[in-house]
Colleague: 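Provided herewith is a single structure, encoded as structure tokens, for subsequent inquiry.
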Amino acid sequence: MFDLPTAGSTCAMATTQKVPLTRRALIARINRRLKHDDQALRCCRSNSRWWRELGDFYIVDINRNIINDVSVDPTEFGRELGVLHPFEEVGA
């Protein structure tokens, strides 16, 4: 019926190609996860007067209206939260 690969046979192994994910989709995933803690990941514009202090991305507590974390890397933070899987990579 089906031929199973043996130890000496050559079969196509799973490739290590990663699934592309846009930065916008990653931010949406992060914000869905943070919504349960009443937080949100925000983007600071580069021409803003607060950019040097906040960085490109920062986390805001929505209820208290305070900044919880600054200079957040969405890719690393997404991996910490578990919303970015090992087989996914963030594109441009």
Side-chain angles (χ1 to χ4, degrees):
M1 186 179 240
F2 293 105
D3 292 330
L4 297 175
T6 59
S9 69
T10 58
C11 63
M13 299 300 284
T15 61
T16 58
Q17 183 178 7
K18 295 194 174 201
V19 178
L21 184 72
T22 63
R23 184 174 296 262
R24 183 175 176 174
L26 175 62
I27 292 170
R29 287 183 185 184
I30 291 172
N31 281 330
R32 274 186 241 123
R33 178 67 57 92
L34 290 177
K35 185 177 182 180
H36 301 292
D37 298 328
D38 295 325
Q39 296 179 349
L41 179 70
R42 300 287 187 218
C43 179
C44 187
R45 296 181 184 203
S46 60
N47 61 356
S48 170
R49 68 180 186 174
W50 299 104
W51 181 79
R52 289 181 188 248
E53 296 168 11
L54 298 176
D56 290 327
F57 294 95
Y58 58 98
I59 298 177
V60 176
D61 187 322
I62 297 171
N63 288 337
R64 296 185 292 170
N65 198 25
I66 61 170
I67 297 170
N68 285 347
D69 200 3
V70 296
S71 298
V72 176
D73 181 21
T75 305
E76 291 178 13
F77 190 61
R79 294 213 189 274
E80 288 176 19
L81 288 177
V83 297
L84 184 62
H85 301 289
F87 59 87
E88 297 174 321
E89 69 178 352
V90 179

Colleague: Kindly indicate, with the supporting measurements, whether the criterion side-chain contact (heavy atoms from CB on, under 4.5 Å) is fulfilled by Leu26 and Leu84.
Modeller: CA-CA 7 Å; Leu26 175 62; Leu84 184 62; 4.1 Å; yes
Colleague: Among residues at least two apart in sequence or on other chains, which ones pass side chain to side chain donor-acceptor pair (under 3.5 Å) with Arg45?
Modeller: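 In terms of side chain to side chain donor-acceptor pair (under 3.5 Å), with neighbours along the sequence ignored, Arg45 is linked to no residue.
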Colleague: Of all heavy-atom pairs between Leu41 and Asn31, which one has the smallest distance, and what is that distance?
Modeller: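 What the structure gives for the nearest pair is N-OD1, 2.6 Å.
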Colleague: Would you tabulate the side-chain donor-acceptor contacts of residues 46-56 under 3.5 Å, counting partners in other chains and residues two or more places apart, or write 'none'?
Modeller:
unit_1: Ser48; atom_1: OG; unit_2: Trp50; atom_2: N; d: 3.2
unit_1: Trp51; atom_1: NE1; unit_2: Asp56; atom_2: OD1; d: 2.7

Colleague: Answer yes or no: is there a side-chain heavy-atom contact under 4.5 Å between Thr22 and Val90?
Modeller: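 No, side chains not in contact.
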Colleague: Kindly list each side-chain donor-acceptor pair under 3.5 angstrom involving residues 68-76, sequence neighbours excluded, with atom names and distances?
Modeller:
none

Colleague: Can you sort out the partners of Asp61 under side chain to side chain donor-acceptor pair (under 3.5 Å), two or more places apart, ordered by chain and number?
Modeller: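 If we apply the side chain to side chain donor-acceptor pair (under 3.5 Å) test to Asp61, skipping adjacent residues, the hits are Arg64.
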Colleague: Look up atom CZ in Arg24 and atom SG in Cys43, then write down how far apart they are to the nearest 0.5 Å.
Modeller: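 With rounding to 0.5 Å, CZ (Arg24) is 12.0 Å from SG (Cys43).
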Colleague: Mind checking who shares a hydrophobic cluster with Ile62, ILVMFWY linked at side-chain heavy-atom distances under 4.5 Å?
Modeller: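 So far as hydrophobic clustering goes, Ile62 is joined with none.
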Colleague: What's the spacing between Arg33 CZ and Leu81 CG if we round to 0.5 Å?
Modeller: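 Rounded to the nearest 0.5 Å, the CZ-CG separation comes out at 6.0 Å.
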Colleague: Could you list the residues that satisfy side chain to side chain donor-acceptor pair (under 3.5 Å) with Asp38, not counting sequence neighbours?
Modeller: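 Asp38 satisfies side chain to side chain donor-acceptor pair (under 3.5 Å) with Asn63 only.
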Colleague: State which residues pass side chain to side chain donor-acceptor pair (under 3.5 Å) with Glu88; sequence neighbours excluded, sorted by chain then number.
Modeller: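 If we apply the side chain to side chain donor-acceptor pair (under 3.5 Å) test to Glu88, skipping adjacent residues, the hits are Arg29.
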Colleague: Scan residues 56-90 for pairs that pass ring-ring contact (aromatic ring centres under 6.0 Å, His included), counting only residues two or more places apart or in two chains.
Modeller: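 ring-ring contact (aromatic ring centres under 6.0 Å, His included) check on residues 56-90 returns His85-Phe87.
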Colleague: Counting only N and O atoms by type, is there a donor-acceptor contact under 3.5 Å from the side chain of Lys35 to the main-chain atoms of Ile30?
Modeller: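 Such a contact is absent between Lys35 side chain and Ile30 backbone.
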Colleague: Working to the nearest 0.5 Å, report the span between CD1 of Ile27 and CZ of Arg32.
Modeller: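 With rounding to 0.5 Å, CD1 (Ile27) is 12.0 Å from CZ (Arg32).
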Colleague: Given side chains that start at C-beta, do those of Ile59 and Ile67 come closer than 4.5 Å, heavy atoms only?
Modeller: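 No; the side chains remain at least 4.5 Å from each other.
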